[in-house]
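To start, the structure under review is shown below, and the notes come after it.
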Amino acid sequence: MDDSEPPPDQPLPFEQLIARETIGDFDTGPALDWIAQLVDAAGDRQNEEGIKKALAWSDELEAKTPDDQALAVLNYFRANAWANLEKLKHRAEGDAVRWSWDQPEAEQQILYLRSALNSTGFSELQLGRNCQILTNLAGQRDEPVGGHRRMERAGLYRRGLGMARFAPVRAGA
């Protein structure tokens, strides 16, 4: 492992992630790891430049034609990047934007989550990743209204629905 690859289960510093221009020299696994880390770190820091870089890296990796399983994971990470951009937009423009008819960030999230769900690689993913994709997609379809407890219950309910929907597919695989 060289200095550009992260040690297993150890996040890279945001500064190291954002300083890197390209991931073209990485194999698929390390490239996915760098994308995931940049999406999360840039989202945590509300750093639009980092989020957009993660999306550019995603395009770069997709051009290398990853296998179906890696493409499903890549599309999940892209959806998360778009979710981070949506949060930034809502913070910057206020609550009124939530009620706007045009929601391009939400559209992109749904597009990438549906792409992950409908890919042939979806059935090869770990159950936890499947649940994350299904939960995020459910969150885009029906956002609960009310207090924190109600939102928690609604999230658990949607996760359960996703697991119930997925279980017969998984059992038949």
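Everything numeric here is computed off the predicted structure, so don't read it as measured data. As a basis for the values below, the full set of heavy atoms in this structure was taken, side chains included, without hydrogen atoms, waters or symmetry mates.
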Ignoring hydrogens and angles, tell me if any N or O in the side chain of [X] forms a donor-acceptor pair with the backbone of [Y] under 3.5 Å.
X: Q69; Y: E124; result: yes
X: R45; Y: N47; result: no
X: E60; Y: G24; result: yes
X: W82; Y: L111; result: no
X: N136; Y: N80; result: no
X: K64; Y: T28; result: no

Can you hop from [X] to [Y] via hydrophobic side chains spaced under 4.5 Å?
X: V73; Y: F122; answer: yes
X: V39; Y: F14; answer: yes
X: L117; Y: F77; answer: yes
X: L113; Y: L74; answer: yes
X: L71; Y: W57; answer: yes

Ignoring hydrogens, what is the shortest heavy-atom contact between [X] and [Y]? Give both atom names and the distance.
X: L17; Y: K53; result: O-CD, 4.4 Å
X: A79; Y: Q109; result: O-CG, 3.4 Å
X: A72; Y: A116; result: O-CB, 3.4 Å
X: A70; Y: P66; result: CB-CB, 3.8 Å
X: L12; Y: Q16; result: CD2-OE1, 3.4 Å
X: A106; Y: E86; result: CB-OE2, 3.7 Å

Just so I know, are the side chains of [X] and [Y] near enough to count as touching, which here means a heavy-atom distance under 4.5 Å?
X: K89; Y: P104; value: yes
X: L85; Y: L55; value: yes
X: L127; Y: C131; value: yes

Would you please test D44 and N84 for side-chain contact (heavy atoms from CB on, under 4.5 Å) and show each step?
CA-CA 9 Å; D44 291 346; N84 288 339; over 6 Å; no
Using a distance-only test with no angle check, is there a side-chain donor-acceptor pair under 3.5 angstrom linking R129 and Q132?
yes
Those residues at least two apart in sequence (or on a different chain) that pass side chain to side chain donor-acceptor pair (under 3.5 Å) with K87 are none
side-chain contact (heavy atoms from CB on, under 4.5 Å) evaluation trace for F26 with W34
CA-CA 9 Å; F26 286 169; W34 275 67; 3.3 Å; yes
Distance col, row I23:CD1 vs L32:CG, nearest 0.5 angstrom, shows 7.5 Å
Can you tell me how far the OG1 atom of T120 sits from the CG atom of D67, to the nearest 0.5 Å?
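The distance works out to 9.0 Å.
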Decide side-chain hydrogen bond (donor to acceptor under 3.5 Å, both in side chains) for S115 and N75; before the verdict, give the C-alpha distance in whole Å, the side-chain angles of both, and the deciding distance to 0.1 Å.
CA-CA 7 Å; S115 294; N75 285 332; 4.6 Å; no
Just do the side-chain contact (heavy atoms from CB on, under 4.5 Å) check on R78 and I35 with the steps written out, would you?
CA-CA 9 Å; R78 283 174 161 158; I35 291 167; over 6 Å; no
Heavy-atom count around D68 CG within 6.0 Å, excluding the residue itself: above 12?
yes
Start with the C-alpha distance between K52 and E48, add both sets of side-chain angles, then the distance that settles salt bridge (charged side-chain N to carboxylate O under 4.0 Å, His left out), and finish with yes or no.
CA-CA 6 Å; K52 289 182 175 180; E48 185 174 1; 2.9 Å; yes
